[in-house]
Amino acid sequence: MTEDEELKSKEMYEKYANNASEEDIKKIAKKLDKMKKGPIAKIWDEVISLWQMVKDPTAAWGSKALAIGALLYLVSPVDAIPDLIPFLGLTDDIGIITSVVATLS
């Protein structure tokens, strides 16, 4: 991923995380299962961990917002590297997911 793509990824993720809402949680719920493909399948445990945090009523809102932002970035077809591009399309999504998991750990 180029520096420009990385910066764009971070900006889009921050926008998602800062504006997280109940409606976003519904959007994630509808699309998440379809994302277990390609390189995302290799980090599926991390994706599910973030999803469980989002659904946990005892989790702090700040942590939930980070998880929601990462999962919205994953299910959104519009991101720094469009998901439709073979092999490269999900690499930015993997970066966001792994970064958020590391931050929350």
(message) Assess the residue pair I28 and L74 against the criterion (side chain to side chain contact (heavy atoms under 4.5 Å, CB included)); give the C-alpha distance rounded to whole Å, side-chain angles, the decisive distance to 0.1 Å, and a yes or no.
(response) CA-CA 9 Å; I28 294 166; L74 173 64; over 6 Å; no

Side-chain donor-acceptor pairs under 3.5 Å in residues 40-52, sequence neighbours left out?
| unit_1 | atom_1 | unit_2 | atom_2 | d |
| --- | --- | --- | --- | --- |
| S49 | OG | D45 | O | 3.0 |

(request) Would you please name every residue forming a side chain to side chain donor-acceptor pair (under 3.5 Å) with S21, sequence neighbours left out? (result)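 For S21 the side chain to side chain donor-acceptor pair (under 3.5 Å) partners, ignoring immediate neighbours, are D24.
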
Tabulate below the donor-acceptor pairs under 3.5 Å that side-chain atoms of residues 95-104 make, not counting sequence neighbours, or state none.
| unit_1 | atom_1 | unit_2 | atom_2 | d |
| --- | --- | --- | --- | --- |
| T98 | OG1 | I94 | O | 2.9 |
| T98 | OG1 | G95 | O | 3.2 |
| T103 | OG1 | S99 | O | 2.9 |

(request) Kindly write out the residues that satisfy side-chain contact (heavy atoms from CB on, under 4.5 Å) with K10, not counting sequence neighbours, or none if the list is empty. (result)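 K10 satisfies side-chain contact (heavy atoms from CB on, under 4.5 Å) with E6 only.
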
(message) According to side-chain contact (heavy atoms from CB on, under 4.5 Å), who are the partners of D56, at least two apart in sequence or on a separate chain?
(response) T58, A59

Enumerate donor-acceptor pairs with a distance under 3.5 Å from any side-chain N or O in residues 11-20 to protein atoms, sequence neighbours excluded.
| unit_1 | atom_1 | unit_2 | atom_2 | d |
| --- | --- | --- | --- | --- |
| Y13 | OH | L66 | O | 3.1 |
| Y16 | OH | S76 | OG | 3.1 |
| N18 | ND2 | E14 | O | 3.1 |
| N19 | ND2 | K15 | O | 2.9 |

(message) So K27 and K30, do their side chains get closer than 4.5 Å, heavy atoms only?
(response) no

(request) Any chance you could measure M35, atom CE, to L71, atom CG, to the nearest 0.5 Å? (result)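 The CG atom of L71 is 10.5 Å from CE of M35, to the nearest 0.5 Å.
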
